[in-house]
**Q** 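Below: one structure in structure tokens.
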There are 2 protein chains.
Amino acid sequence: MAKKHDTMSPQMLERVAGQFRALAEPSRLQLMNLLFDRERTVGELVEASGLSLANASKHLGLLHRAGWVTRRKDGLNVVYALADERTFGLCELMCDRVRELAAAEATFAKRGGG
Amino acid sequence: MAKKHDTMSPQMLERVAGQFRALAEPSRLQLMNLLFDRERTVGELVEASGLSLANASKHLGLLHRAGWVTRRKDGLNVVYALADERTFGLCELMCDRVRELAAAEATFAKRGGG
DNA sequence: TCATTGCTCAACTATATGGTTGAGCAATCG
DNA sequence: CGATTGCTCAACCATATAGTTGAGCAATGA
């Protein structure tokens, strides 16, 4: 049988949208991507990403408030890490999708889509 | 072996972020949710969602440009449908996550988090 | 042909948010 | 104690975007 989906409440819609919104930004995705392999300090993330310190800190704070990353103080440093294993599945799903869309676009262009 | 993740190119980051951005809005999630069971005309979506016609049309156009829905003309009507099966998995993943976060919040509040 | 229906689009306003700058706080060091 | 380091936060500006309004287009019907 086909799945039956309930209508979502406005609160649920807002919450889910908020989760997507946290990931709807290249800089934040980059930071998340840098945390895929291992936890890192803000300084490391700043160096690896090329973002300004204040900007990176702001993005990390947002990701933390959204529950995507954990924050831990270690001496002078603050260490961030991924908070949710689902991040990997989510990234794979979206990246696959984007690659497929890009491939379809390319095919369309080659066929005379322009 | 633990997964090794490559750093994503700026173009890829921007594309993936764009996909998330398309879903980072309660009204658009509501429209997507209404399409879970079956395809619908704009008129049906407007009535079911409570959005204004122009607003719904704008959101649907954006979802279409992002590749999340298909568009088909049927007489006077325009019929929209989900374009990607992954939508279901994505929604399930995010909704589970949001429910867990909400549960954790509630526990924290009960324990004296305020 | 002209009117109606169903939808899209352009232009506009209000709000949200990314990025910068400078202040400031907590932990370590001397 | 004061100085330094690593980071956060508030205030600001520029841009992006959700929602409205009104114009306009395509398909049907008279």
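Chain A is the first sequence line, chain B the second, and so forth, proteins listed ahead of strands; every chain is numbered from 1. It should be emphasised that the depicted structure is a prediction, and the values quoted were computed from it without experimental measurement.
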**Q** Rounded to the nearest Å, what distance is computed from the CG atom of residue A:D74 to the P atom of nucleotide C:dA27?
**A** 12 Å
**Q** Is the closest basic N to carboxylate O distance between A:E92 and B:R86 below 4.0 Å?
**A** no
**Q** Could you tell me if the side chain of B:L51 sits less than 4.5 Å from the side chain of B:L31, heavy atoms only?
**A**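 Answer yes - side chains close enough.
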**Q** Donor-acceptor pair, distance only, cut-off 3.5 Å: does the side chain of A:R28 make one with the backbone of A:L63?
**A** no
**Q** Determine the interplanar angle of the A:F36 and A:F88 rings, folded into 0 to 90°, and report it as parallel if under 30°, tilted if 30 to 60°, perpendicular if over 60°.
**A**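 It falls in the perpendicular class, over 60°.
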**Q** For A:R28 and C:dG18, give me the distance from atom CZ to atom C1', rounded to whole Å.
**A**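 Atom CZ in A:R28 sits about 8 Å away from atom C1' in C:dG18.
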**Q** Using the salt bridge (Lys or Arg N to Asp or Glu O under 4.0 Å) rule, collect all pairs that involve residues 40-63 of chain A, keeping only residues at least two apart or in two chains.
**A** A:R38-A:E44
**Q** So does A:S52 get a side-chain nitrogen or oxygen closer than 4.0 Å to the phosphate oxygens (OP1/OP2) of C:dT20?
**A**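 Answer yes for this pair, as a side-chain N or O of A:S52 is under 4.0 Å from OP1 or OP2.
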**Q** Quick check: closest heavy atoms across B:E39 and B:A81, and the distance to 0.1 Å?
**A**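 Taking B:E39 first and B:A81 second, the nearest heavy atoms are CB-CB, 3.7 Å.
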**Q** Heavy atom of residues 13-27 of chain B under 4.0 Å from DNA chain D: which residues?
**A** B:R21, B:E25, B:S27
**Q** What's the shortest heavy-atom distance between A:M12 and B:C95, and which atoms?
**A**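 Distance-wise, the nearest heavy atoms are CE-O, 3.7 Å.
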**Q** Ignoring hydrogens and angles, tell me if any N or O in the side chain of B:Q19 forms a donor-acceptor pair with the backbone of B:A66 under 3.5 Å.
**A** yes
**Q** Scan nucleotides 2-9 of chain D nucleotide by nucleotide, 5' to 3', and note B when protein non-hydrogen atoms come under 4.0 Å of the base, S if they reach only the sugar-phosphate, - if neither.
**A** ---BSBBB
**Q** Rounded off to whole Å, could you give me the CG-to-P distance for the B:L62 and D:dG19 pair?
**A** 11 Å
**Q** Output yes when at least one side-chain N/O atom of B:H59 is less than 4.0 Å from OP1 or OP2 of D:dG19, else no.
**A** yes
